[in-house]
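So the structure is just underneath, and the comments pick up after that.
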Amino acid sequence: MKNNQQAPSQTIFKLLEEMYPDAHCELNFSNPFQLLIATILSAQATDRKVNQITERLFQQYTTPQKLLRLTQEELEQSIKEIGLYHNKAKNILATCRILVEKHQGDVPRNFEELTELPGVGRKTANVVLSNAFGIPALAVDTHVLRVSNRLGLATGKNPDLVEDQLKSLISRKKWSLAHHLLIWHGRRMCHAKRPECLLCPLQPFCSEAQSKASSAPHQ
DNA sequence: AACTCGGGGCA
DNA sequence: TGCCCAGAGTT
């Protein structure tokens with residue numbers, strides 16, 4: 001643990017809100033089912049590609065019942081522009097079958113039933129809960145993990161523990177906002193490899209910036 | 001905890 | 001070329 005300057009988490013989140021006043025979910029969605037599918041597709045893929053694919057897909061296949069008209073091979077073809085498409089197509093169709101057979105074609109509204117769906121893990125479940133249903137949730141992905149560690153908001157690489165730490169710092173109403181703020185910061189400035197610490201207003205509170213400053217930068 | 005899936009974007 | 005992308009499942 002570096003002896004970086006400690007700041008109240010409220011200060012950090014306030015600065016993040018000023019930096020990213022427009023932070024929001026960048027996946028297109030008009031209903032819970034479509035957000036669920038888009039989020040399954042988004043694993044290790046760019047959100048821009050996912051938006052392109054889902055925009056096409058949902059023109060015809062707007063519900064699990066309709067999506068099940070596709071064979072796995074046909075679905076694979078329509079999502080082939082992103083990687084991992086074989087597993088994703090298989091998982092999406094299996095998920096659609098469960099939605100139809102056990103949930104009357106609806107998306108369940110709790111973490112346990114969501115994570116029972118093939119292709120839906122802790123991250124996807126939390127995204128659907130917060131963005132589709134407005135249920136307080138804080139999804140911890142690689143960006144949230146990295147940024148919250150650097151800013152001293154959380155410690156460790158276990159997503160469950162980091163989720164608990166972050167939730168304890170923020171009121172329930174702001175869990176989803178905090179998630180999006182940390183994501184946006186991770187994607188726009190606080191990159192894994194070459195974070196733009198010189199431009200970062202949070203630099204005084206950051207262990208990463210401190211360690212970079214004390215070591216000679218190459219290049 | 002480490003490994004695999006994976007085509008596309010970007011430097 | 002090499003690395004990364006709003007992860008999940010298996011070993």
Side-chain angles (χ1 to χ4, degrees), chain A residues 16 19-20 22-29 32 34-57 72-96 98-99 107-108 111-133 137-151 153-163 166 175-196 208 218-219:
Chain A
L16 284 170
M19 294 166 66
Y20 310 108
D22 301 321
H24 65 279
C25 179
E26 296 196 278
L27 290 176
N28 288 337
F29 67 95
Q34 294 180 14
L35 177 63
L36 174 65
I37 300 304
T39 310
I40 291 176
L41 288 172
S42 76
Q44 294 301 104
T46 60
D47 50 339
R48 210 181 81 210
K49 266 297 177 194
V50 172
N51 282 334
Q52 289 176 11
I53 289 173
T54 52
E55 192 172 338
R56 280 203 317 263
L57 193 62
Q72 182 175 330
E73 289 71 24
E74 289 170 336
L75 182 54
E76 284 180 12
Q77 280 306 313
S78 65
I79 67 173
K80 213 176 185 354
E81 303 157 67
I82 57 173
L84 312 178
Y85 58 87
H86 179 71
N87 285 336
K88 286 177 180 175
K90 187 170 70 174
N91 286 335
I92 285 172
L93 291 179
T95 285
C96 286
I98 295 176
L99 292 181
V107 177
F111 184 85
E112 290 71 25
E113 289 182 310
L114 278 168
T115 50
E116 285 173 4
L117 301 170
V120 179
R122 41 166 301 107
K123 163 72 194 307
T124 301
N126 277 323
V127 166
V128 170
L129 286 176
S130 62
N131 293 329
F133 296 132
L138 205 166
V140 174
D141 65 359
T142 55
H143 292 303
V144 174
L145 207 55
R146 178 181 70 254
V147 174
S148 58
N149 266 276
R150 285 177 175 172
L151 292 176
L153 298 170
T155 308
K157 295 182 178 177
N158 184 323
D160 290 313
L161 299 181
V162 169
E163 179 179 333
L166 290 174
W175 284 355
S176 178
L177 173 61
H179 162 75
H180 290 118
L181 290 172
L182 294 170
I183 292 268
W184 277 47
H185 188 51
R187 294 182 65 189
R188 282 161 179 73
M189 191 173 300
C190 196
H191 307 130
K193 197 143 193 193
R194 292 170 65 92
E196 302 173 40
E208 181 73 11
H218 58 61
Q219 180 175 0

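Side chains are part of it too, since the values below use all heavy atoms of this structure and drop only hydrogens, waters and symmetry mates. Residue numbers begin at 1 in each chain, while the letters A, B, ... track the order of the sequences. From a predicted model like this one, the values you see are computed outputs, not experimental measurements.
Where A:L117 and A:D141 each meet DNA chain C at their nearest nucleotide, the meeting point lying more 5' is that of A:D141. Mapping A:R146 and A:G121 onto DNA chain C by nearest heavy atom places A:R146 at the nucleotide closer to the 5' end.
For the pair A:I53 CD1 and C:dC5 P, the computed distance is 18 Å after rounding to whole Å. Put simply, CG on A:L145 is 13 Å from P on C:dA8, counting in whole angstrom units. Atom pair A:K193:NZ and C:dC5:C1' shows a separation of 14 Å (rounding to whole Å applied). Residue A:L27 contributes atom CG, which lies 7 Å from atom C1' of C:dA6 at whole-angstrom precision. Atoms CG (A:N51) and C1' (C:dC5) sit 14 Å apart, rounded to a whole Å. Atom CZ of A:R194 is separated from atom P of C:dC4 by 12 Å (rounded to the nearest Å). The interatomic distance linking A:L36 (CG) with C:dA8 (P) rounds to 11 Å, in whole Å. The distance from atom CD1 of A:I40 to atom P of C:dA8 is 9 Å, rounded to the nearest whole Å.
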| task | Determine, step by step, whether A:V107 and A:L114 satisfy the side-chain contact (heavy atoms from CB on, under 4.5 Å) criterion, reporting the C-alpha distance in whole Å, the side-chain angles of both residues, the deciding distance to 0.1 Å, and the verdict. | result | CA-CA 8 Å; A:V107 177; A:L114 278 168; 3.8 Å; yes
| request: Tell me, with the steps shown, if A:V144 and A:L166 meet side-chain contact (heavy atoms from CB on, under 4.5 Å). | output: CA-CA 10 Å; A:V144 174; A:L166 290 174; 3.6 Å; yes
| Steps toward side-chain hydrogen bond (donor to acceptor under 3.5 Å, both in side chains) verdict (A:R188, A:H185) | CA-CA 5 Å; A:R188 282 161 179 73; A:H185 188 51; over 6 Å; no
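For A:E73 and A:Q77, the side-chain atoms include no donor-acceptor pair closer than 3.5 Å. The closest side-chain donor-acceptor pair between A:Q52 and A:K49 falls under 3.5 angstrom.
Remark: the separation of the P atoms in C:dA6 and B:dA1 is 25 Å, to the nearest Å. Comparing the same atom, C1', in C:dG9 and in B:dG8 gives a spacing of 23 Å after rounding to whole Å. Straight-line distance between the C1' atoms of B:dG7 and C:dT10: roughly 22 Å, to the nearest whole Å.
Contact between the side-chain N/O atoms of A:S42 and the OP1/OP2 oxygens of C:dG7 is not found at any separation under 4.0 Å.
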Under 3.5 Å donor-acceptor pairs involving side-chain atoms of residues 118-126 of chain A, not counting sequence neighbours:
unit_1: A:R122; atom_1: NH1; unit_2: A:D160; atom_2: OD1; d: 2.3
unit_1: A:R122; atom_1: NH2; unit_2: A:E163; atom_2: OE1; d: 2.6
unit_1: A:N126; atom_1: ND2; unit_2: A:R122; atom_2: O; d: 3.1

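Nucleic acid contact class of A:T142 (heavy atoms, under 4.0 Å, all strands): sugar-phosphate only. Across all strands shown, A:V120 has heavy atoms under 4.0 Å from sugar-phosphate atoms exclusively, and none from any base.
Within residues 180-192 of chain A, the residues having any heavy atom closer than 4.0 Å to DNA chain C are, in order of number, A:H180, A:I183, A:R187.
Checked against a 6.0 Å centroid threshold, the rings of A:W184 and A:H24 count as neighbours.
Side-chain contact between A:N131 and A:S176 is present, with at least one heavy-atom pair separated by less than 4.5 Å. At least one side-chain heavy atom of A:P32 sits under 4.5 Å from a side-chain heavy atom of A:F133. Between A:E116 and A:P108 the shortest side-chain heavy-atom distance does not fall below 4.5 Å.
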| remark: Scoring nucleotides 4-11 of chain B by protein non-hydrogen atoms under 4.0 Å (B base, S sugar-phosphate only, - none) yields -BBBSSS-
